[in-house]
Novice: 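Take this structure, written in structure tokens, and hold onto it; I'll ask about it next.
Throughout, numbering of the chain's residues begins at 1 and tracks the sequence.
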Amino acid sequence: MGAAALNELSPWIWREHLEFEPNHSYWARSAGPRNPRLASDLDVDVAIVGGGFTGLSSAYYILGLSAQKSVAVLEAQGCGSGASGRNGAMVLTMTADRFMNFSSSPAMDRRIYDLTVDNIRRLAALSVATGIDCELTTNGALQVLGSAQETKAAEAYVRQARSLGMPVEFWDAGQVAAAIGTKVYEGGFFDPCCGNVHPMKLVRVFKAAAESAGASVYEDTVVDSIEEGRQHVLHSRDGRTVRAKSLVLASNAFTPRLGFFRNSILPLRECIGITPPFSEQELAEIGWRRAVPFNDDRTQVYYLGLTADRRIHIGGGAPQYSFNNDGSSADAERLPVARLQHELGRIYPRLAGLEFEASWDGVIDWSLDASPSVGVLGRHRNIFYGLGYSGHGVNLTSVFGRIIADLEAGRGAAWNEYPFVNARLDYVPNEPFRWLAAKSGLAWYRLTEGEAST
């Protein structure tokens, strides 16, 4: 059998199973009570599959434009059980492909920067409006630099960015050490408009906002299959049927399992660990004096942050990919946790050997060039989606929620010039070529970026 034929037959040979893992993250401890599952058939104007940031924000903004519409959010577990409630809590500007990387259109880069900065203000305002404190801080965020070459590149980027009016800063090694208490980095890129958040509490903000606007949110409701048409028919695992004029795919890395975007995103599994809380004196001794989250400049990036109760969380490093997106391996988390502990001890030697209070993992939707896409598809142009966030989803998801709302209302023209609207994502092959490419690529990055083994 030729490679091309195998690639075409692969989806029928290796079928992806729609299964979900419980969210055991530290953030999940703050989840609100779950809504009842869908108990009867339903006819709505808009059905949204996925109760994370994209789905809940889409519901909120759709109803903000058309309060008379009926909108149902269908979440397989509890809202925030996916990437929205398992992530590294950094609230970043830009899209992943343009972060510290100017495109051929710097003017558009500046517009995307302003759009994402404005959205952080919207998050803060919505938190106040709902009365739910999502612990959003906007003290900025730092990308730390591990080599002289990356330091020079960051200095050049900052000069160009500041010439465009972006208020970013270059920090030398001394400034980085004074802020976060480690001397292992050569310098840093600081964006004062970024921040940190409690992800699950932000999920609760959007859930409350969507329900207040009139959305019906059904949890523990797995959508197993979708029949596309002028009126879509969604079939739940419990035998219920939802008919909807518009469909929003807000299912992130699980979207290919519903039959969409199989060859557009790579579901990668990342791990995060969190320490017990430190006292103020202990944190001062560690030297993390300025409450800013930070990430390094490697492709297999590590990212760290502080919680409101002074816990340090660290995530990232070498992500995992399982054949055919099978996340059932019980051993998948062991080595990543050891690497996280090793990296935390490298950055902060006094924390070497510290055991995490909790650790967890989950899948994110990564596009091959780290670019996202939001738009409309389908024979009847009534399927809307947002995906490919590639690590920048905490902020960008609700930007895309706004865009989805405008597209669904037929008023998307204002967004058309943005490069991520209806963007065609790079092709991801089927199995076994996907597994081979993912394993080879991840091994190459690990080798070239010198990640320590444990």
Side-chain angles (χ1 to χ4, degrees), residues 88-128 134-146 148-182 185-197 202 288-297 301 303-306 370-372 389-400 402-403 415 417-420:
M90 295 182 76
V91 186
L92 300 174
T93 59
M94 301 298 287
T95 54
D97 59 320
R98 293 174 185 243
F99 188 72
M100 286 191 66
N101 178 40
F102 280 109
S103 72
S104 59
S105 176
M108 176 54 69
D109 297 335
R110 173 61 200 267
R111 288 186 63 186
I112 294 173
Y113 180 81
D114 290 343
L115 175 67
T116 51
V117 169
D118 173 71
N119 197 66
I120 295 172
R121 299 190 190 103
R122 290 172 182 258
L123 295 179
L126 192 60
S127 177
V128 172
C134 62
E135 299 175 16
L136 175 64
T137 63
T138 51
N139 299 319
L142 182 65
Q143 175 157 311
V144 288
L145 310 165
Q149 180 180 358
E150 293 297 332
T151 299
K152 289 181 181 178
E155 288 183 282
Y157 177 86
V158 167
R159 284 194 297 270
Q160 184 174 358
R162 291 184 70 87
S163 73
L164 292 170
M166 297 163 63
V168 297
E169 303 171 13
F170 173 79
W171 286 4
D172 62 27
Q175 289 172 292
V176 171
I180 61 175
T182 178
Y185 302 114
E186 299 277 345
F189 163 78
F190 179 69
D191 187 338
C193 296
C194 297
N196 203 63
V197 75
L202 183 58
W288 200 332
R289 299 176 184 86
R290 190 161 172 176
V292 296
F294 66 94
N295 62 273
D296 64 29
D297 59 348
V301 59
Y303 41 87
L304 294 88
L306 281 172
S371 64
Y389 299 112
S390 304
H392 274 237
V394 175
N395 188 23
L396 194 61
T397 41
S398 50
V399 175
F400 280 14
R402 289 166 53 199
I403 297 173
W415 299 104
E417 58 188 307
Y418 283 92
F420 40 68

Novice: Atom CD of residue position Gln149 - does it have more than 12 heavy atoms of other residues, nucleotides or ligands inside 6.0 Å?
Specialist: no
Novice: Cationic tip of Arg98 within the cone over Phe420's six-membered ring, i.e. under 6.0 Å and within 45° of the normal?
Specialist: no
Novice: Check Ile120 against Cys193 and note the closest heavy-atom contact, atom names and distance.
Specialist: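 That would be CD1-O, 3.2 Å.
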Novice: Do Val394 and Val197 have side-chain heavy atoms sitting under 4.5 Å apart?
Specialist: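 A side-chain contact exists here, since the closest heavy-atom pair is under 4.5 Å.
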Novice: How long is the straight-line distance from CH2 of Trp288 back to OG1 of Thr182, given to the nearest 0.5 Å?
Specialist: 10.5 Å
Novice: When rounded to the nearest 0.5 angstrom, what distance separates CZ in Arg110 from CZ in Phe102?
Specialist: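 If we round to the nearest 0.5 Å, Arg110:CZ and Phe102:CZ are 9.5 Å apart.
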Novice: Supply the atom-to-atom distance Tyr389 OH to Thr95 OG1, rounded to the nearest 0.5 angstrom.
Specialist: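 Between atom OH of Tyr389 and atom OG1 of Thr95 there are 12.0 Å.
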Novice: Which of these, Asp191, Asp297, Asn295, sits in a side chain to side chain donor-acceptor pair (under 3.5 Å) with Gln143?
Specialist: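 With Gln143 as partner, Asp191, Asp297, Asn295 yield a single side chain to side chain donor-acceptor pair (under 3.5 Å), made by Asn295.
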Novice: Taking all heavy atoms of Gly195 and all of Pro293, pick out the closest pair and write down the distance.
Specialist: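 Distance-wise, the nearest heavy atoms are O-CG, 3.6 Å.
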Novice: Begin with the C-alpha distance, continue with both residues' side-chain angles, and end with the deciding distance and a verdict on side-chain contact (heavy atoms from CB on, under 4.5 Å) for Cys134 and Leu123.
Specialist: CA-CA 9 Å; Cys134 62; Leu123 295 179; over 6 Å; no
Novice: In the structure I gave you, are the side-chain heavy atoms of Phe294 and Leu304 within less than 4.5 Å of one another anywhere?
Specialist: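 Yes. Closest side-chain heavy atoms under 4.5 Å.
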Novice: Could you measure the distance from the CG atom of Leu202 to the OG1 atom of Thr397? Nearest 0.5 Å is fine.
Specialist: 7.5 Å
Novice: Scan side-chain atoms only and decide if Asn196 and Thr137 contain a donor-acceptor pair under the 3.5 Å cut-off.
Specialist: no
Novice: Glu186 and Ala148: which non-hydrogen atoms are nearest, and at how many Å?
Specialist: CG-N, 4.1 Å
Novice: For Gly188 and Leu145, which heavy atoms make the closest approach, and how far apart are they?
Specialist: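 Scanning both residues, the minimum pair turns out to be N-CD1, 3.7 Å.
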Novice: Could you list the donor-acceptor pairs under 3.5 angstrom formed by side chains in residues 159-178, with sequence neighbours left out?
Specialist:
from, atom 1, to, atom 2, distance (Å)
Arg162, NH1, Val168, O, 2.6
Ser163, OG, Gln160, O, 2.5
Glu169, OE1, Trp171, NE1, 2.9
Asp172, OD1, Gly174, N, 3.1
Asp172, OD1, Gln175, N, 2.8
Gln175, OE1, Asp172, N, 2.9

Novice: Kindly say whether Asn395 contributes a backbone atom to a donor-acceptor pair with the side chain of Asn119 at under 3.5 angstrom?
Specialist: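 Such a contact is found between Asn119 side chain and Asn395 backbone.
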Novice: Does any N or O in the side chain of Trp415 come within less than 3.5 Å of the main-chain N or O of Glu417, such that one atom is a donor and the other an acceptor?
Specialist: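 No, the answer is negative, given that no donor and acceptor are paired below the 3.5 Å cut-off.
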Novice: Between Tyr418 and Phe400, is a ring-ring contact (aromatic ring centres under 6.0 Å, His included) present by the stated rule, with each step listed?
Specialist: CA-CA 11 Å; Tyr418 283 92; Phe400 280 14; 9.8 Å; no
Novice: Taking atom CG of Leu306 and atom CZ of Arg290, what is their separation to the nearest 0.5 Å?
Specialist: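 Taking CG in Leu306 and CZ in Arg290, the distance rounds to 13.0 Å.
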Novice: Just checking, any donor-acceptor pair under 3.5 angstrom between side chains of Ser390 and Asp97?
Specialist: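 Side-chain D/A pair, Ser390 to Asp97: absent.
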Novice: Do His392 and Pro372 have side chains that get closer than 4.5 Å, going by heavy atoms?
Specialist: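 Of all side-chain heavy-atom pairs linking Pro372 with His392, none is under 4.5 Å.
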Novice: Are the side chain of Asp109 and the backbone of Ser103 linked by a donor-acceptor contact shorter than 3.5 Å?
Specialist: yes
Novice: Could you grab the distance from atom CD1 of Ile112 to atom CG of Leu396, nearest 0.5 Å is fine?
Specialist: 9.0 Å
Novice: How far apart are the closest heavy atoms of Leu142 and Ile180, and which atoms are they?
Specialist: CD2-CD1, 4.1 Å
Novice: Ignoring hydrogens and angles, tell me if any N or O in the side chain of Thr116 forms a donor-acceptor pair with the backbone of Met94 under 3.5 Å.
Specialist: yes
Novice: What are the two closest heavy atoms between Leu92 and Ala141, and how far apart are they?
Specialist: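 Closest approach of Leu92 to Ala141: CD2-CB, 4.2 Å.
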